[in-house]
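Only one structure is covered here, and it is reproduced in the block below.
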Amino acid sequence: MTIPDIIIAIDGYSSTGKSSFAKLIAHEFSFMYLDSGALYRAITYLTVNEGLIDKDGQIDSVNLKKRLEVSDIHFSYSPLGSKTFIGETCIEDKIRTLSVSDYVSPVAALPFVRDYVDGRLKEFGKKRRIVMDGRDIGTTVFPDAEIKIFMTADPEIRAQRRFDELVSKGSNPIFDDVMNNLRERDYIDSHRETSPLVKADDAFILDNSDMSVREELFWLKGLIQGKLDILQ
Ligand code: CDP
């Protein structure tokens with residue numbers, strides 16, 4: 001199936017498999033994939049690593065803002081996918097740990113952090129032909145995206161997926177910690193003042209509790225077909 005240069009925006013709750021789906025879409029249609037969460041995770045890694053957050057979760061916003069202005073957070077692309085860097089250092093594995101997940105939602109709720117990431121993401125959108133996943137892509141970053149998907153799944157299934165992912169990367173997580181992190185992030189992401197996680201009015205809901213990623217692709221192809229028939 002060939003499709004024109006459009007933007008596909010995928011939003012939804014934590015661990016709904018947005019990135020796996022987005023990567024498959026990118027591969028299938030030769031789109032560029034952008035993981036907006038990686039930018040929030042990289043900023044959170046910076047915050048934790050440079051001691052800009054205390055044990056109670058209080059963020060030193062003044063210094064984080066200054067640090068962000070001079071930081072060189074970027075993606076490096078290869079046929080195997082993209083990796084997140086700060087300067088010369090690859091931080092791809094470090095940003096996926098539970099210790100970063102624990103703080104990412106409070107950091108991502110800061111308006112100056114959202115402004116920074118928003119600006120970076122919109123730059124990518126100038127090229128079109130991209131698929132981007134996150135929490136506010138269809139509502140704030142690309143409200144004009146041609147295809148918008150809102151992903152959800154049963155919380156127990158989502159926690160199990162994230163648990164399995166962490167185990168496969170060599171971690172030894174506790175299931176309840178994973179579950180609590182997921183619930184807490186869902187709550188903060190959905191209730192923050194700036195760009196909360198909400199379904200865009202024109203987004204299609206995809207509940208993949210009992211679906212494989214291949215079935216998701218099949219579902220999407222039907223959706224795109226219908227949408228393009230309307231657009232043409
Ligand atoms: O992989 P998972 O869905 O668990 O999370 P992620 O996409 O890596 O995003 C990590 C966190 O970044 C989320 O829980 C949000 O707090 C924040 N985020 C956001 O606020 N807006 C986005 N567009 C993407 C991520």
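Computation of the quantities below employed the complete heavy-atom set of this structure, encompassing side-chain atoms and omitting hydrogens, waters and symmetry-equivalent molecules.
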- Got more than 12 heavy atoms from elsewhere within 6.0 Å of CZ, Phe218? no
- Message: Other residues, nucleotides and ligands only: do more than 12 of their heavy atoms fall within 6.0 Å of CD on Glu184?
- Response: no
- Message: What's the separation between atom CG in Asn172 and atom CG in Leu166, rounded to the nearest 0.5 Å?
- Response: 10.5 Å
- Query: Any donor and acceptor pair, going by atom type alone, linking the side chain of Asn63 with main-chain N or O of Leu52 inside 3.5 Å?
  - Reply: no
- Using a 4.5 Å cut-off on heavy atoms from C-beta on, say whether the side chain of Thr97 contacts that of Ser171. no
- Within a strict 4.5 Å, meaning less than it, do heavy atoms of the Leu110 and Ser61 side chains meet? yes
- Do Val113 and Phe75 belong to the same hydrophobic cluster, where Ile, Leu, Val, Met, Phe, Trp and Tyr are linked whenever their side-chain heavy atoms lie under 4.5 Å apart, directly or via other members? yes
- Item | Joint cluster assignment, Leu24 & Ile6, ILVMFWY side-chain distance < 4.5 Å | yes
- Kindly indicate whether the side chain of Leu64, heavy atoms from C-beta on, has any atom under 4.5 Å from the side chain of Ile43. yes
- Message: To the closest 0.5 Å, what do you measure between CG (Leu68) and OH (Tyr116)?
- Response: 5.0 Å
- Query: Which heavy atom in Ala108 sits nearest to a heavy atom in Arg192, and how many Å separate them?
  - Reply: O-NH1, 4.1 Å
- Item | Parallel, tilted or perpendicular: ring planes of Trp219 versus Phe204, cut at 30 and 60 degrees | perpendicular
- Message: Test side chain to side chain contact (heavy atoms under 4.5 Å, CB included) on Tyr33 and Ile130; report intermediate values, then the result.
- Response: CA-CA 6 Å; Tyr33 164 56; Ile130 61 169; over 6 Å; no
- Please determine if Asp189 and Arg135 form a salt bridge, counting it only when a charged side-chain N lies under 4.0 Å from a carboxylate O. yes
- Less than 4.5 Å apart, any side-chain heavy atom of Leu220 and any of Phe21? yes
- Item | Distance-only side-chain donor-acceptor flag, Asn208 / Arg161, under 3.5 Å | yes
- Query: Distance-only, no hydrogens or angles: does the Asp154 side chain make a donor-acceptor pair with backbone N or O of Glu156 under 3.5 Å?
  - Reply: yes
- Item | Approximate separation, where rounding is to 0.5 Å, of Ile137 CD1 and Ile7 CD1 | 10.0 Å
- Task: Please answer whether the main-chain N or O of Ser36 pairs with a side-chain N or O of Arg120 as donor and acceptor at a distance below 3.5 Å.
- Result: no
- In terms of heavy-atom contacts, Ser71 and Leu46 come closest through CB-CD2, 4.3 Å
- Determine whether the side chains of Asn180 and Asp177 contain a donor N or O and an acceptor N or O closer than 3.5 Å. no
- Ignoring hydrogens and angles, tell me if any N or O in the side chain of Glu92 forms a donor-acceptor pair with the backbone of Lys83 under 3.5 Å. no
- Item | Partner residues of His191 under the side chain to side chain contact (heavy atoms under 4.5 Å, CB included) criterion, sequence neighbours left out | Tyr187
- With a 4.0 Å cut-off, would you call Arg96 and Asp35 a salt bridge? yes
- Message: Is there a continuous path of hydrophobic side-chain contacts, each under 4.5 Å between heavy atoms, that joins Val117 to Ile73?
- Response: yes
- Could you tell me whether Lys199 atom NZ has more than 12 heavy atoms of other residues or ligands within 6.0 Å of it? yes
- Message: Under a 3.5 Å distance rule, please check whether Arg158 uses its side chain to pair with a backbone N or O of Ala153 as donor and acceptor.
- Response: yes
- Query: Which is it for Ile53 and Gln58 under the side chain to side chain contact (heavy atoms under 4.5 Å, CB included) test, yes or no, and what are the steps along the way?
  - Reply: CA-CA 5 Å; Ile53 187 162; Gln58 280 292 341; over 6 Å; no
- Message: Can you tell me how far apart CG (Leu34) and NZ (Lys127) are? Round to the nearest 0.5 Å.
- Response: 8.0 Å
- Message: Quick test of your reading of the model: are Arg67 and Glu50 salt-bridged, counting only N-O distances below 4.0 Å?
- Response: yes
- Shortest non-hydrogen contact from Arg129 to Pro4? NH1-O, 3.2 Å
- Item | His27 atom NE2, neighbour heavy-atom count above 12 within 6.0 Å | no
- Message: I'd like to know if the side chain of Asp133 and the backbone of Ala22 have a donor-acceptor N/O pair within less than 3.5 Å.
- Response: no
- Query: Could Lys221 and Glu216 be called an ion pair, given the rule that one side-chain N must be under 4.0 Å from one carboxylate O?
  - Reply: no
- Within the 6.0 Å centroid threshold, strictly below: Tyr13 and Phe150: yes
- Search all heavy atoms of Ala9 against all heavy atoms of Ala145 and return the closest pair with its distance. CB-CB, 3.9 Å
- In short, Glu215 meets Ser212 closest at the heavy-atom pair OE1-N, 2.8 Å
- Partner set under side-chain hydrogen bond (donor to acceptor under 3.5 Å, both in side chains) for Lys148, not counting sequence neighbours: Asp202
- When you check the gap from the basic side-chain N to the acidic O, do Arg114 and Asp136 get nearer than 4.0 Å? yes
- Any link between Leu182 and Leu197 through a network of hydrophobic side chains (Ile, Leu, Val, Met, Phe, Trp, Tyr) touching at under 4.5 Å? no
- Asp5 with Arg128: basic N within carboxylate O range, under 4.0 Å: no
- Tell me yes or no: between the side chains of Arg41 and Ser101, is some donor less than 3.5 Å from an acceptor? yes
- Task: Decide, yes or no, whether a salt bridge links Lys122 with Asp118 under the criterion of side-chain N to carboxylate O below 4.0 Å.
- Result: yes
- Step by step, work out the side chain to side chain contact (heavy atoms under 4.5 Å, CB included) result for Ile25 and Ile8. CA-CA 9 Å; Ile25 294 170; Ile8 301 178; 3.8 Å; yes
- Query: Can you find a pair of side-chain heavy atoms, one from Val131 and one from Met32, that are under 4.5 Å apart?
  - Reply: no
- Straight-line distance of Asn49 CG to Ile86 CD1, nearest 0.5 Å: 7.5 Å
- Task: Could you tell me the separation between the CD1 atom of Ile95 and the OG1 atom of Thr84, rounded to the nearest 0.5 Å?
- Result: 3.5 Å
- Message: I'd like to know whether CG of Asp72 has more than 12 heavy-atom contacts from other residues, nucleotides or ligands below 6.0 angstrom.
- Response: yes
- Using modelled atom types only, decide if a donor and an acceptor are shared between the side chain of Thr44 and the backbone of Tyr40 within a distance under 3.5 Å. yes
- Message: I'd like to check Ser14 versus Asp186 (side-chain heavy atoms, cut-off strictly below 4.5 Å). Are they in contact?
- Response: yes
- Query: Would a 4.5 Å heavy-atom cut-off, applied to side chains only, mark Asp102 and Arg185 as touching?
  - Reply: no
- Between Leu98 and Asn181, is any pair of side-chain heavy atoms under 4.5 Å apart? yes
- Query: Is Ile147 linked to Leu217 within one hydrophobic cluster, defined over Ile, Leu, Val, Met, Phe, Trp and Tyr using a side-chain heavy-atom separation of less than 4.5 Å?
  - Reply: yes
- Item | Electrostatic pair Glu69-Lys66, nearest N-O below 4.0 angstrom | no
- Task: Determine, step by step, whether Phe163 and Ile174 satisfy the side chain to side chain contact (heavy atoms under 4.5 Å, CB included) criterion, reporting the C-alpha distance in whole Å, the side-chain angles of both residues, the deciding distance to 0.1 Å, and the verdict.
- Result: CA-CA 8 Å; Phe163 179 86; Ile174 296 166; over 6 Å; no
